[in-house]
Each structure stands twice: as C-alpha cells, then as structure tokens.
Amino acid sequence: MKFIHMSDIHLAAPGKLVDGIDPAPRLAQALAHIARHHADAARLIITGDLTHWAEPEAYAALKVALKGMPVPVRLMVGNHDTREGFLATFPDHPRDDAGHIQHAEDLPEGRFIYCDTIQPETHAGHFCEPRRAWLAKQLAGTQRAFVFFHHNVLHLGDPATDLLSLNDADQAPLRALLVANRDRIAHIFFGHVHEPLSGTLAGIPFSGVTSTVHQTIPNLSPSLMSGMGPLEPSYRVVLIRGEDVVIHQIPFAWEGEVIWHGGSWQDWVEKA
C-alpha cells in the first residue's frame, strides 16, 4: 500500500501571502505532482494547518483545489484552523460524539486513526480525557494501527518548538495510552513542526513531515525563538510493505538539474 503524508499547507484567502509566500501555488504544485506520479496512492492525508488564518475563503480554496484529485483525501485540523471554520466548508466531515474532528477507518493494512489535537486560541496541542478515551477505543478494536496527529506528541529537544508541542499535562496520559498499545501501533505521524523528523516514542516509530510553505530550522540551544525559512517544500510517500513501513521524502518543487545514475559498478568508475 502507498499513501501520501502532507502537512501545514497554510492556505490564506486568495492573493494573500504568508510570510512572503503565496501558499496556493505551492499546494497546486504538490497536488499536481501527486496526481502525475502517485495517482495509485490509497490516501492523501493532510495533517492540519489547512489554513493560516482560518478564513472562509481559504477553506473554500482548499475545497476547490482538491476537486478532481485521483487520490482519496483525508483532512485533519491544526492549531491555525478552527473547527467551526472547517466544518462550515466541509460539513459532512466525520467527527466524534463530542464534536472533535477525529475519526478512524479500516484498510487492509490496518486501522488509520486521525486525531484532533487543537484547542481554541492556543498553538499548543491538547488531547483531553474524552479524546484519549476515544483513541483507546479505536486502538482496542484493531491489531495494527497507524495514528495521525497534527501536533508532535512528545518533546523534540528544540526549546521553542517544545513550547508548542502537545501540552505537558496531556503528554503523560497520552504516552501511557500509547505505550499500553505499543504492540498495536505500527507508526505515529504528525506535522506542525515544519521539519523532517524521525525517531521513536517509547519504542514506537514516529515521523514528522515538512510544510509546503516554510520550513523550521531546528534551534537546539536554549531559546524562546524558532527560526523558519523558505527552504524547499516536500511531502512524504509512505509504503506499507507487509510488516515494513518505508518513508520517502519528495521535494516536489525542485526544478534544478537531476543527474541520473545507473547502479552498476562501472557507472561509478572515475572517468579519465
């Protein structure tokens, strides 16, 4: 199975720039690249920050941009979104009984669980007891799960970034829930941080993906400031191959030279 992980597209009302970049052409370029090269993907999963200022026009632009995509799309909200704004444009999107924009679906490779980590008027993540109870139920009902969050659910060692992670009060009980289901969880995916990340949470593999707009430049020294720049954007192609999960980073906006090499020994022999 192949699926696409994209995050932090930060759409604004048409014509508006986000820190000097128009996010709409970036998204259009990414979607066109996916349609051209990965139309066989089972899902395109966008893990939040669908918009930058939660404007109705931005959500409407997203709906138009996704029309005609050959890949089924799953949308999640991030800290720059609002549930009300999102649902005004996507009223039929599934949510849990408490109104959180989270749901799960069963695919042949396992259960895909899309979690809601937002709280109004804060950029930090939240995952309260009702949300944890919902996740516990989803995990209990499957033998293999792929879990998606917007926020990073553990601290990453970048002090400024860690201020905006899942908040400390919710991190500990969520960690306990994840650890209790460690044998069921094949991988955790998140966005929010705008940088390529990989590691393990108590032995559970996780990965974070870059933005289609600005990228974070990690600052691991003590600081309350986070640096970002207009580095090359990308999305991820995830291959589930039996028990294995393989993740490729795709620099879809690269327009420079590509040098093609063969794999034989002679292809790499120094030429006179």
Side-chain angles (χ1 to χ4, degrees), residues 1-9 30 33-35 37-48 69-76 78 102-117 125 127 135-157 165-166 171 174-212 215-216 218 233-252:
M1 174 190 178
K2 174 199 290 187
F3 72 88
I4 311 298
H5 181 200
M6 183 187 295
S7 199
D8 296 274
I9 60 177
H33 195 272
I34 292 166
H37 297 285
H38 304 292
D40 59 336
R43 294 289 183 274
L44 163 58
I45 300 165
I46 307 179
T47 52
M69 276 299 289
V71 178
V73 180
R74 298 294 179 265
L75 299 175
M76 295 170 59
Q102 53 186 20
H103 75 289
E105 60 178 341
D106 288 319
L107 299 174
E109 291 75 12
R111 179 166 293 177
F112 280 47
I113 305 174
Y114 312 107
C115 298
D116 177 338
T117 57
F127 207 66
L135 176 57
K137 183 177 179 181
Q138 302 307 316
L139 290 170
T142 187
Q143 293 302 309
R144 191 185 195 200
F146 299 86
V147 188
F148 298 82
F149 299 96
H150 173 67
H151 289 82
N152 48 306
V153 295
L154 75 166
H155 290 319
L156 302 171
S165 67
L166 195 72
Q171 271 198 40
L174 176 58
R175 172 181 283 266
L177 172 59
L178 295 173
V179 170
N181 289 275
R182 181 162 40 202
D183 293 342
R184 302 175 189 271
I185 301 172
H187 203 92
I188 295 170
F189 298 88
F190 55 79
H192 185 53
V193 188
H194 290 228
E195 64 176 281
L197 287 161
S198 61
T200 60
L201 185 160
I204 304 169
F206 71 78
S207 61
V209 66
T210 60
S211 167
T212 55
Q215 315 314 325
T216 296
S234 62
Y235 61 80
R236 295 276 177 84
V237 172
V238 183
L239 304 177
I240 303 175
R241 309 173 73 189
E243 295 180 340
D244 302 333
V245 177
V246 179
I247 300 174
H248 296 268
Q249 184 154 309
I250 310 297
F252 65 86

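A quick note: this is a predicted structure, and the numbers were derived from the prediction, not measured. Index from 1, following the sequence.
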request  = Write down the atom of Arg111, the atom of Lys137, and the distance for their closest heavy-atom approach.
outcome  = NH1-O, 4.4 Å
key: Main-chain N/O of Ala186 paired to Arg144 side chain as donor or acceptor, under 3.5 Å   = no
task = Would you please name every residue forming a side-chain hydrogen bond (donor to acceptor under 3.5 Å, both in side chains) with Thr212, sequence neighbours left out?
result = none
inquiry  = Let's go through Ile34 and Met69 carefully: what are the C-alpha distance in whole Å and the side-chain angles of both, what is the deciding distance for side-chain contact (heavy atoms from CB on, under 4.5 Å) to 0.1 Å, and is it a yes or a no?
reply    = CA-CA 9 Å; Ile34 292 166; Met69 276 299 289; 4.0 Å; yes
Check: Pro218 main-chain N/O paired with Thr216 side-chain donor or acceptor under 3.5 Å = no
task = Would you name the heavy atoms of His155 and Leu166 that are closest together and state the gap between them?
result = CE1-O, 4.5 Å
key: Student check: side-chain heavy atoms of Met76 and Thr117 closer than 4.5 Å   = no
message = Measuring only between side-chain heavy atoms, which start at C-beta, is Asn152 closer than 4.5 Å to Phe206?
response = no
key: Residue pair Leu174 / Leu135, side-chain heavy-atom distance below 4.5 Å   = yes
inquiry  = Parallel, tilted or perpendicular: which one describes the rings of Phe252 and His33, with boundaries at 30° and 60°?
reply    = tilted
inquiry  = Suppose we screen for side-chain contact (heavy atoms from CB on, under 4.5 Å). Which residues come up paired with Ser207, at least two apart in sequence or across chains?
reply    = His187, Phe189, Arg236, Ile247
ask   = With a 4.5 Å limit on heavy-atom distance, are the side chains of Ile4 and Val237 in contact?
value = yes
ask   = Is there a donor-acceptor pair under 3.5 Å between the side chain of Arg74 and the backbone N or O of Arg43?
value = no
query = Can you tell me how far CZ of Phe146 sits from CD1 of Ile185, rounded to the nearest 0.5 angstrom?
reply = 11.0 Å
task = Please confirm whether the backbone N or O of Val209 pairs with a side-chain atom of Ser7, one donor and one acceptor, at under 3.5 Å?
result = no
Heavy-atom closest pair, residues Leu75 and Val73 = CD2-CG1, 3.7 Å
key: Main-chain N/O of Thr142 paired to Arg184 side chain as donor or acceptor, under 3.5 Å   = yes
query = Between Gln102 (side chain) and Asp116 (backbone), is there a donor-acceptor pair under 3.5 Å?
reply = yes
ask   = Between atom NE2 of His192 and atom OG of Ser211, what is the distance when rounded to the nearest 0.5 Å?
value = 12.0 Å
query = Taking all non-hydrogen atoms of both residues, which atom of Val71 and which atom of Ala42 are closest, and how far apart?
reply = CG1-C, 4.3 Å
key: Rounded distance (nearest 0.5 Å) linking atom CD1 of Ile204 with atom CG of Asn181   = 8.0 Å
message = Return the OG1 to CZ distance between Thr200 and Arg182, rounded to the nearest 0.5 Å.
response = 10.0 Å
ask   = If you round to the nearest 0.5 Å, how far is CD1 of Ile113 from CZ of Phe149?
value = 8.5 Å
ask   = Taking all non-hydrogen atoms of both residues, which atom of Leu154 and which atom of Ser165 are closest, and how far apart?
value = O-CB, 4.3 Å
request  = Indicate yes or no: at least one non-hydrogen side-chain atom of Ile240 is less than 4.5 angstrom from one of Phe3.
outcome  = yes
ask   = To the nearest 0.5 Å, what is the distance between CG (Leu201) and CD (Gln171)?
value = 8.5 Å
request  = Evaluate side-chain contact (heavy atoms from CB on, under 4.5 Å) for Thr210 paired with Gln249, printing each intermediate quantity in order.
outcome  = CA-CA 9 Å; Thr210 60; Gln249 184 154 309; 4.3 Å; yes
task = Output yes when a side-chain donor or acceptor of His150 lies under 3.5 Å from a complementary backbone atom of Thr47, and no otherwise.
result = yes
message = Could you tell me if the side chain of Leu139 sits less than 4.5 Å from the side chain of Val147, heavy atoms only?
response = yes
